[in-house]
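Reviewing the structure listed below.
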Amino acid sequence: AAKAAGRNTLVVFDPDDPESSDDSEDIAATLKIALERGLVSLVYQPIRNVQTGKTDAVEALMRLTMLDGTPVPPVKFIPVAERTGSIVELGRWAIRTVCRDLLATDLIQVASVNVSPIELKTPGFAAYVAATLAEFGVTGARLAFEITEGVELEIDQDVVRCISDLRKLGAQVWLDDFGTGFAGLSWLRLIEFDTVKIDRSFLHDCDTERGKRMLLDIIGLLRNRGVRILIEGVETIEHQRLMQQYGINQIQGYFIARPAPAAQLEADNVLPFSRVRNHDSKRLFGN
Ligand code: C2E
Ligand code: MG
Ligand code: MG
Ligand code: MG
């Protein structure tokens with residue numbers, strides 16, 4: 001893109017555009033061997049319940065490192081995984097890992113997993129979730145699936161059916177990044193979400209009155225729909241206070257905690273992942 005734009009043109013690197021970097025073939029190849037080589041991992045970010053002040057949920061976020069140890073951010077590798085189809089296998093691994101990690105703590109009620117529309121459209125997704133829950137003896141209510149509004153996705157019958165199958169398992173379905181795409185309102189009309197996550201850009205616009213009014217309008221709309229409201233990107237104590245004042249149900253962001261591996265959250269006393277694991281490790285990791 002830089003060459004085509006000519007010499008005197010400033011080309012801004014767009015991290016959301018996988019084609020703007022030329023290492024996408026490297027990433028595609030790495031994704032193919034990522035599971036067997038242990039190049040993917042999950043980090044967890046605490047989600048705080050504003051009413052109780054407790055962390056009772058976490059979001060699982062995937063991490064990838066190249067063979068030479070270089071980390072690749074999800075905005076770079078997720079689109080490649082979606083394009084090449086690797087996302088299906090990686091997504092299943094994530095669900096499995098989350099179920100295993102949930103067994104290690106009874107204090108975290110819910111773990112959310114981001115799912116790509118491609119996964120939802122792949123036949124057998126809900127059946128895989130059902131089998132994995134059964135295998136680990138985890139109840140469906142402890143899993144939430146985050147679907148991003150931002151992606152281009154026609155809400156076809158396959159997706160609607162998959163979502164309804166997941167809900168039948170007792171799992172929650174959350175709408176992620178609300179307000180960033182064009183389809184958000186259609187999604188709200190067609191699908192019953194347990195929680196809507198408002199995109200952090202709306203919180204970060206709250207330094208102006210205009211931004212505050214916009215966020216309050218969105219909150220009003222969602223409250224009338226009867227969904228729980230979570231806001232991401234809480235980076236300061238002022239953010240937290242404002243969200244408390246606005247009656248947001250759950251908050252997530254760097255001010256509360258950064259995403260980190262379960263073991264680190266446990267060591268830093270952020271999350272008690274080890275509670276059950278200590279006396280139940282055979283059953284958990286004996287395979
Ligand atoms: P997301 O689901 O909206 O996740 C939230 C992103 O915001 C995460 O970036 C998180 O690290 C970041 N974040 C958390 N708190 C703050 C904050 O206070 N301020 C700011 N500026 N950012 C914050 P991350 O981990 O780089 O993930 C980026 C996106 O990649 C995710 O956005 C999600 O759409 C996608 N993704 C991550 N893991 C997976 C996965 O396992 N499967 C799929 N399909 N997509 C994933
Ligand atoms: Mg998410
Ligand atoms: Mg989000
Ligand atoms: Mg996001």
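Scanning both residues, Leu143 and Val110, for their nearest heavy atoms gives C-CG1, 4.3 Å. The minimum heavy-atom distance linking Ala60 with Leu42 is given by the pair CB-CD1, 4.3 Å.
In terms of modelled atom types and a separation under 3.5 Å, the side chain of Asp68 and the main chain of Thr70 share a donor-acceptor contact. Not one N or O on the side chain of Asn249 forms a donor-acceptor pair closer than 3.5 Å with the backbone of Leu230. Looking at Glu119, its side chain does come within 3.5 Å of a backbone N or O of Ser116 through a donor-acceptor pair. Between the side chain of Thr122 and the backbone N or O of Ile118, at least one donor-acceptor pair lies under 3.5 Å. With hydrogens and angles ignored, the 3.5 Å screen pairs a side-chain donor or acceptor of Arg142 with a backbone N or O of Ile108. With hydrogens and angles disregarded, no donor-acceptor distance shorter than 3.5 Å links the side chain of Arg92 to the backbone of Tyr128.
Both Met243 and Met214 are assigned to one and the same hydrophobic cluster, defined by single-linkage of ILVMFWY side chains at heavy-atom distances under 4.5 Å. A chain of hydrophobic side-chain contacts below 4.5 Å, direct or via other Ile, Leu, Val, Met, Phe, Trp or Tyr residues, connects Val88 to Leu39. Cluster membership for Tyr254 and Val43, using ILVMFWY side-chain heavy atoms within less than 4.5 angstrom, is not shared. Hydrophobic clustering, with ILVMFWY side chains joined whenever heavy atoms are under 4.5 angstrom apart, keeps Leu61 apart from Leu35.
Counting heavy atoms from C-beta on, the side chains of Pro74 and Arg63 come closer than 4.5 Å. Residues Leu90 and Leu64 are not in side-chain contact: their nearest non-hydrogen atoms beyond the backbone lie 4.5 Å or more apart.
Taking CD from Gln252 and NZ from Lys197, the interatomic distance works out to 4.0 Å, rounded to the nearest 0.5 Å. Distance NZ/Lys32 to OG1/Thr84: 7.0 Å, rounded to 0.5 Å. The distance from the CD1 atom of Ile27 to the OG atom of Ser86 is 11.5 Å, given to the nearest 0.5 Å. To the nearest 0.5 Å, atoms NE2 (His239) and CD1 (Ile248) are separated by 12.5 Å. Distance check, rounded to the nearest 0.5 Å: CG of Leu185 to CZ of Phe178 gives 5.0 Å. Rounding to the nearest 0.5 Å gives a distance of 10.5 Å between CG of Leu31 and CG of Asp26.
The aromatic rings of Phe145 and Phe125 lie perpendicular to each other, with more than 60° between the two planes, well past the 30° mark.
Each of Val196, Ile198, Thr148, Ile147 was compared with Asp177 under the side-chain contact (heavy atoms from CB on, under 4.5 Å) criterion, and only Thr148 meets it. The residue from Ile47, Asp176, Ile251 that alone fulfils the side-chain contact (heavy atoms from CB on, under 4.5 Å) condition with Glu232 is Asp176.
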- Would Thr30 and Arg37 count as a side chain to side chain contact (heavy atoms under 4.5 Å, CB included) if you check the C-alpha gap in whole Å, the side-chain angles of each, and the deciding distance to 0.1 Å? CA-CA 9 Å; Thr30 305; Arg37 302 292 283 271; over 6 Å; no

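We find that Glu235 and Arg200 are not joined by a salt bridge, their nearest charged nitrogen and carboxylate oxygen being 4.0 Å or further apart. Using a 4.0 Å cut-off between charged nitrogen and carboxylate oxygen, Lys212 and Glu209 count as a salt-bridge pair.
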